[in-house]
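Each remark here refers to the structure printed beneath this line.
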Amino acid sequence: MAPLHAVVVSFPAQGHVNPLMNFAELLGMRGFFITFVTTEWMDERLLKAASKDAAARDRDVAERGLQFRFLSIPDGLPPEHGRTADLGGLLLATQKLGAVLEGVLTKENRSVPPITCIVSDSFLACTAQVAANLGVPRVIFWTCCTAYSIAQTNANFLLSQGYIPVKEDDLKSRDKLITCLPGKIPPVRPTDIVSFYREQHVNEEIYGAFLHESRFQNVGDYVLVNTFEELEGGKEAQLGLSINGCPALAIGPVSLPNFLEGRNSMYSIWKEDKTCLQWLDSQEKGSVLYVSFGSIAVKSEKQLHELALGLEATGYPFLWALRFDIVEGKSVELPEGFRERTRDRALLVSWTHQLQVLSHPSVGGFLTHSGWNSTLEAISLGVPMIGWPYFSDQFINCRFSKDIWKVGLDFEGVDADEYKLVTKEEVKKTMRYMMEGFISKEIRENVSILKEAATKAVTEGGSSYVNFNRFVEDMQNMSK
Ligand code: UDX
């Protein structure tokens with residue numbers, strides 16, 4: 001019998017490719033034939049960062065016993081377009097990719113089994129029509145937390161109720177709790193939901209693009225979320241994403257089983273610096289601050305300087321993943337003499353293998369932009385955080401980390417005004433709270449409980465493990 005064939009389609013951004021590739025590998029290990037689709041731009045970046053060509057990558061997956069084929073499609077944008085630096089433009093471009101995607105999937109290829117399902121990133125509205133035309137189930141995969149996913153799916157409803165666009169100056173409506181969303185999730189505030197719906201960000205085109213996505217996040221046959229039940233409201237929370245009663249299951253953290261079993265399944269668009277682990281080996285247990293803002297967030301030059309001076313003032317050793325494009329439109333310049341003054345206790349690199357870093361015993365805390373992958377990775381590996389959200393779903397991740405899961409801190413006022421300058425004194429003070437004293441003890445205890453719960457969830461008999469098996473069985477039954 002031909003193996004089941006899942007077509008996994010990822011939105012072309014780091015925070016999406018990583019969880020979808022990890023998920024695809026897990027399916028591959030269960031005997032699925034996988035077609036992994038992303039854009040040509042993304043595929044080239046992934047290959048370049050891994051210093052591989054496509055043939056070497058194909059050999060690698062085959063040696064691991066996986067049946068994979070990688071397809072890449074043009075995104076229709078000019079070469080000079082910033083892609084993830086202009087996320088709105090990129091989202092608009094992906095909304096027009098249905099015909100191209102369908103074209104590559106229907107091109108006759110006798111060595112490929114018939115398609116069982118399309119596993120679509122939740123931010124790829126175009127796959128709804130493709131799945132319908134091919135007559136296969138559309139599985140919606142959320143790379144964000146459940147509460148955010150529910151809010152985004154219901155964006156048009158929130159618009160009709162006047163919650164969005166979020167009125168920045170009207171404190172009463174801005175902070176009003178939204179209790180009318182489905183699913184057992186903690187109440188969210190308008191400022192928690194995607195930042196593109198905040199007045200200060202509203203750009204008609206981007207705003208429209210997110211509302212358009214929302215209409216198709218409710219068109220599908222199965223829903224999967226990269227989270228785990230013990231973190232987000234048990235089974236009932238995910239049910240808020242169910243479409244006409246279809247299963248909606250938490251199956252994450254999807255990167256954890258691969259990592260725990262020693263498979264190097266991180267897919268980066270930046271080249272990883274290999275020196276950090278040796279450097280971490282030379283540091284004391286729990287002493288190092290790890291600083292990283294994911295793949296998209298940017299900071300002003302003034303802010304970067306305050307941060308650098310704050311890190312210097314803490315006196316702790318620190319590992320800083322400092323992308324060269326962190327300051328929009330400018331190269332990175334740090335305060336004069338900073339590198340020399342901190343040389344004996346700091347390592348600055350452009351990109352790390354974040355799971356390896358977070359699992360290293362020397363790492364004692366994480367200053368993060370609160371991207372969902374970073375948040376989930378820190379929780380899974382038991383590292384307390386300071387959240388410093390930049391955009392999108394990062395505000396809700398940061399607030400939940402601080403107020404609901406109590407595994408992190410934040411800089412005061414950033415949730416209301418992300419352009420607020422965080423001073424070096426605030427950086428120093430908050431770092432201290434995270435690294436030592438009563439608050440530190442409390443958040444460390446909480447995060448280690450959740451670490452254990454995450455590990456349990458993905459191991460045999462655990463909630464995500466069971467849900468993943470159910471998904472595999474349901475796909476087997478649907479294909480009969
Ligand atoms: C984006 C959004 O910001 C995020 O909120 C959304 O949920 C998914 O898309 P990004 O900003 O890149 O992603 O952040 P994040 O979700 O944290 O993903 C970054 C990924 O890159 C993580 O898996 C992290 O482990 C990895 N990473 C980051 C590295 O491997 N090395 C680094 O140095 C930094």
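In each ligand, atom 1 is the first atom listed, and ligand 1 is the first ligand listed. As a basis for the values below, the full set of heavy atoms in this structure was taken, side chains included, without hydrogen atoms, waters or symmetry mates. We're numbering straight along the sequence, starting at 1. Bear in mind the structure is a predicted one, so any value in this text is a computation, not a measurement.
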- Message: Quick check for you: to the nearest 0.5 Å, what is the distance between Thr430 atom OG1 and Asp410 atom CG?
- Response: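 Reported value, rounded in 0.5 Å steps: 8.0 Å.
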- To the nearest 0.5 Å, tell me how far Asp344 CG sits from Thr342 OG1. 8.0 Å
- Query: Considering only heavy atoms, which of His16, Gln354, His369, Glu377 lies nearest to atom 10 (P) of ligand 1?
  - Reply: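 Comparing heavy atoms across His16, Gln354, His369, Glu377, the nearest one to atom 10 (P) of ligand 1 lies in His369.
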- Query: Of the choices Ser292, Gly371, Ser374, Ser350, which has the non-hydrogen atom that lies closest to atom 19 (C) of ligand 1?
  - Reply: Ser374
- Query: Looking only at heavy atoms, is any part of Asn373 under 4.0 Å from ligand 1, and if so is it the side chain, the backbone, or both, or is it neither?
  - Reply: both
- Give the contacting part of Tyr290 toward ligand 1: side chain, backbone, both or neither, where contact means a heavy-atom distance below 4.0 Å.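 The part of Tyr290 near ligand 1 is the side chain, not the backbone.
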Identity and distance of the protein heavy atom lying nearest [atom]:
atom	result
atom 12 (O) of ligand 1	Ser295 OG, 2.5 Å
atom 26 (C) of ligand 1	Trp351 CZ2, 3.8 Å
atom 31 (N) of ligand 1	Thr352 O, 2.8 Å
atom 7 (O) of ligand 1	Asp393 OD2, 2.8 Å
atom 1 (C) of ligand 1	Gly15 CA, 4.2 Å
atom 20 (C) of ligand 1	Gln14 CG, 4.0 Å

- Check each atom of ligand 1 against the heavy atoms of Asn18 and keep those under 4.0 Å away; list them by number with element.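 By the 4.0 Å cutoff, the relevant atoms are 23 (O).
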- Message: Please identify which of these residues, Lys96, Glu40, Arg83, meets the side-chain contact (heavy atoms from CB on, under 4.5 Å) condition with Asp75.
- Response: Arg83
- Face-on cation placement of Lys299 at Phe293 ring, 6.0 Å and 45° thresholds: yes
- Task: Determine, for Arg399 against Asp192, whether the closest basic-nitrogen to carboxylate-oxygen distance falls under 4.0 angstrom.
- Result: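 The answer is yes: the pair qualifies as a salt bridge.
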